[in-house]
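In what follows, chains carry the letters A, B, and so on, assigned in the order in which the sequence lines appear, proteins first and then strands, with residues in each chain numbered from 1. Side chains included, hydrogens not; waters and symmetry mates left out as well; all remaining heavy atoms used.
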Protein chains: 2
Amino acid sequence: MKNNKEIKKTGNIRALSQHKILIAASTEFVLQGYKGATVQSIADRASLPKANILYYFKNKENIYHAVLEHTLQMWDEGIGDINPEDGPKAAIEKFIEAKVRMSFKHPESSKIYAMEIIQGAQHLKDFARTYQRKWVREKAQLFQQWIDNGEMRDVNPIHLIFLIWSATQHYADFETQILTIMNRADYEDEDVEDVIAFLTDMILRGCGLH
Amino acid sequence: MKNNKEIKKTGNIRALSQHKILIAASTEFVLQGYKGATVQSIADRASLPKANILYYFKNKENIYHAVLEHTLQMWDEGIGDINPEDGPKAAIEKFIEAKVRMSFKHPESSKIYAMEIIQGAQHLKDFARTYQRKWVREKAQLFQQWIDNGEMRDVNPIHLIFLIWSATQHYADFETQILTIMNRADYEDEDVEDVIAFLTDMILRGCGLH
DNA sequence: ATAAAAGTTAACTATTTGGTCAACAGGTAG
DNA sequence: CTACCTGTTGACCAAATAGTTAACTTTTAT
């Protein structure tokens with residue numbers, strides 16, 4: 001008696017609670033790290049009793065897994081797949097724009113991802129080894145074709161991808177530092193456009209595509 | 001009876017032990033985060049009994065502070081101060097080279113620094129607010145002068161500094177990911193030169209300085 | 001030679017924390 | 001109405017861990 005229809009009410013409260021917990025957990029994991037985030041602190045942030053958290057997620061590691069999965073989904077969406085039809089200029093423009101918007105919209109996702117990688121990617125090794133490696137190689141090959149066709153300068157495509165990743169994610173991961181240096185409390189909408197314009201300009205020129 | 005002369009032998013074992021502990025602690029903090037790194041794990045890695053660790057450092061937070069201080073010293077050295085005499089081209093070249101070499105030589109420092117910032121820079125707020133903000137503004141002004149003199153393209157100097165920081169540190173912080181994607185076990189000396197060449201080329205072009 | 005200082009270390013303690021459990025509440029289907 | 005499933009929650013426990021203590025050894029200064 002558990003078909004998809006019946007999960008309207010029951011499934012609703014489940015999904016709602018789980019989502020609330022996920023958001024709270026994300027914040028805690030970013031702020032305190034995996035070990036530093038306690039089930040109690042997640043519960044407090046979600047305004048639920050601790051036992052209720054453990055009712056929805058078997059244990060703390062499960063919560064973290066769910067958070068990571070959520071993060072990877074974000075990554076997938078925000079990566080702005082490169083389209084061969086576009087040619088190098090439009091492709092790079094779209095890619096940079098997608099990643100910058102992503103960074104400003106979901107900084108926690110970027111931060112959790114970054115922390116996971118910095119600490120050795122214990123939970124993401126497989127992801128990087130399979131999915132991500134394939135993605136990078138494919139896109140690098142695409143850039144190489146454009147280079148061979150004389151459509152853009154001869155730059156190392158893999159390093160180019162790394163450059164775009166690092167430069168865009170920086171605004172999410174190092175948010176605190178950047179805001180402090182710029183003496184601001186928060187980013188403004190304008191900042192997003194500024195960063196897109198700056199990075200697009202710099203990198204297109206670097207590729208001989210201005 | 002404690003003048004500087006007497007600290008030759010006594011000070012030696014102190015300095016030696018403290019250094020050994022610092023190195024071990026750095027690794028543990030990177031791998032496990034602040035809360036996740038236990039005094040015992042640091043002791044094990046340093047091959048010392050736990051009580052000995054607490055003899056040299058009053059408590060865990062003290063160890064972390066020492067590690068952070070050590071990291072900031074690294075940062076200071078590795079930042080390769082920008083010299084106004086050099087002009088924009090040489091200045092950017094030197095800056096990029098210094099930061100890239102730094103990243104490959106002391107990835108743990110970069111990682112600890114990155115984690116601290118990502119988590120909200122609780123221990124580094126003052127550093128960023130005073131020292132770092134001043135540094136960035138000074139250097140930005142320098143770039144602005146070069147721009148005004150027509151010595152380089154009109155690009156936002158602050159974002160330029162962020163770009164160089166992010167692109168260079170990426171190879172330290174995301175080491176794991178990059179190696180996995182490139183299907184390698186470790187970086188080679190050659191990689192350092194490749195990255196320096198790639199980033200210098202890209203960014204100089206972006207600044208109209210090729 | 002010896003006293004003081006510095007360093008070493010096992011054992012212990014108080015606290016924190018992940019996870020369990022059992023009792024209870026609320027809604028839903030037949 | 002009633003039996004069942006889902007969800008809620010306080011109380012509890014065992015393990016982990018930061019930090020203390022006190023006994024002991026080694027080094028240094030005179």
Side-chain angles (χ1 to χ4, degrees), chain A residues 1-68 122-123, chain B residues 1-68 122-123:
Chain A
M1 288 282 164
K2 232 189 225 187
N3 63 46
N4 287 342
K5 276 282 166 66
E6 255 99 45
I7 309 187
K8 51 185 166 180
K9 195 63 183 278
T10 308
N12 212 27
I13 191 151
R14 259 202 110 78
L16 230 68
S17 286
Q18 284 182 329
H19 185 255
K20 205 159 82 171
I21 295 167
L22 261 178
I23 302 300
S26 296
T27 307
E28 282 302 310
F29 284 132
V30 167
L31 253 38
Q32 314 288 345
Y34 176 75
K35 200 68 188 283
T38 68
V39 178
Q40 187 63 61
S41 73
I42 294 170
D44 290 348
R45 190 174 288 275
S47 302
L48 290 172
K50 188 179 77 160
N52 205 350
I53 307 288
L54 275 315
Y55 169 72
Y56 282 110
F57 295 90
K58 286 282 161 277
N59 52 39
K60 188 175 162 182
E61 224 197 305
N62 250 270
I63 307 177
Y64 187 64
H65 275 127
V67 167
L68 269 189
Q122 293 307 324
H123 301 83
Chain B
M1 289 279 165
K2 232 190 226 190
N3 62 46
N4 287 344
K5 276 283 165 62
E6 254 99 46
I7 310 189
K8 49 182 166 181
K9 195 63 184 276
T10 307
N12 211 26
I13 190 151
R14 259 203 111 76
L16 229 68
S17 286
Q18 285 183 330
H19 185 255
K20 205 158 82 170
I21 294 168
L22 262 180
I23 302 301
S26 297
T27 307
E28 282 301 311
F29 284 132
V30 168
L31 253 37
Q32 316 287 346
Y34 176 76
K35 200 67 189 284
T38 67
V39 178
Q40 186 63 60
S41 72
I42 294 169
D44 290 348
R45 191 174 287 275
S47 302
L48 290 172
K50 188 181 76 159
N52 205 350
I53 307 288
L54 276 316
Y55 168 73
Y56 282 111
F57 295 90
K58 285 282 159 280
N59 53 39
K60 188 173 158 180
E61 224 196 306
N62 250 271
I63 307 177
Y64 187 64
H65 275 127
V67 166
L68 268 189
Q122 294 306 324
H123 302 82

Side chains of residues 17-26 of chain A: which donor-acceptor partners sit under 3.5 Å, not counting sequence neighbours?
from    : atom 1 : to      : atom 2 : distance (Å)
A:Ser17 : OG     : A:Ile13 : O      : 3.2
A:Ser26 : OG     : A:Leu22 : O      : 2.9

Please tabulate, for side-chain N and O atoms in residues 40-49 of chain A, each donor-acceptor pair with protein atoms closer than 3.5 Å (sequence neighbours left out).
from    : atom 1 : to      : atom 2 : distance (Å)
A:Gln40 : NE2    : A:Asp44 : OD1    : 3.0
A:Ser41 : OG     : A:Glu28 : OE1    : 3.1
A:Ser41 : OG     : A:Thr38 : N      : 3.1
A:Ser41 : OG     : A:Thr38 : O      : 2.7
A:Ser41 : OG     : A:Thr38 : OG1    : 3.4
A:Arg45 : NE     : A:Glu28 : OE2    : 2.7
A:Arg45 : NH2    : A:Glu28 : OE2    : 2.9

### A:Arg14 side-chain N/O to D:dT6 phosphate OP1/OP2 under 4.0 Å
no
### Query
Taking CZ from A:Phe57 and C1' from D:dT8, how many angstroms apart are they, rounded to a whole number?
16 Å
Protein-nucleotides 23-26 of chain C N/O pairs closer than 3.5 Å?
none

### Summary
Between OH of B:Tyr64 and P of D:dA18 the distance, given in whole Å, is 15 Å
Just the atom pairs and distances: protein N or O near nucleotides 22-26 of chain D's N or O, under 3.5 Å.
none

## Note on the structure
B:Asn52 atom CG is separated from C:dA11 atom C1', nearest whole Å, by 16 Å
#### Entry: Gap between atoms CD1 and C1', on A:Ile42 and C:dT16 respectively (whole Å)
15 Å
## Note on the structure
Contacts of B:Asn52 meeting side chain to side chain donor-acceptor pair (under 3.5 Å) (sequence neighbours excluded), chain-then-number -> none
### Query
In whole angstrom, what separates B:Ile53's CD1 from D:dA18's C1'?
13 Å
#### Entry: Integer-rounded Å distance: D:dG7 C1' and A:Gln18 CD
12 Å
### Pair listing, ring pair (Phe, Tyr, Trp, His ring centres under 6.0 Å) test, anchored in residues 35-58 of chain A, at least two apart
none
### Task
Return no unless some side-chain N or O of A:Tyr55 is found under 4.0 Å from OP1 or OP2 of D:dG7.
yes
### Message
Per the salt bridge (Lys or Arg N to Asp or Glu O under 4.0 Å) rule, what does the pair list look like for residues 57-67 of chain B, sequence neighbours excluded?
### Response
none
All N/O pairs under 3.5 Å across the protein-nucleotides 18-21 of chain C interface:
from   : atom 1 : to      : atom 2 : distance (Å)
C:dG18 : OP1    : A:Lys60 : NZ     : 3.2
C:dG18 : OP2    : A:Val39 : N      : 3.0
C:dG18 : N7     : A:Lys50 : NZ     : 3.1
C:dG19 : OP2    : A:Lys60 : N      : 2.7
C:dG19 : N7     : A:Lys50 : NZ     : 3.2
C:dG19 : O6     : A:Lys50 : NZ     : 2.7

### Query
Taking CD1 from A:Ile63 and P from C:dT17, how many angstroms apart are they, rounded to a whole number?
14 Å
### Query
What is the distance, rounded to the nearest whole Å, between atom CG of B:Asn62 and atom C1' of D:dG19?
13 Å
### Task
Only counting residues at least two apart or in another chain, list the ones meeting side-chain contact (heavy atoms from CB on, under 4.5 Å) with B:Leu68.
B:Tyr64, B:Ile112, B:Glu116, B:His123, B:Leu124
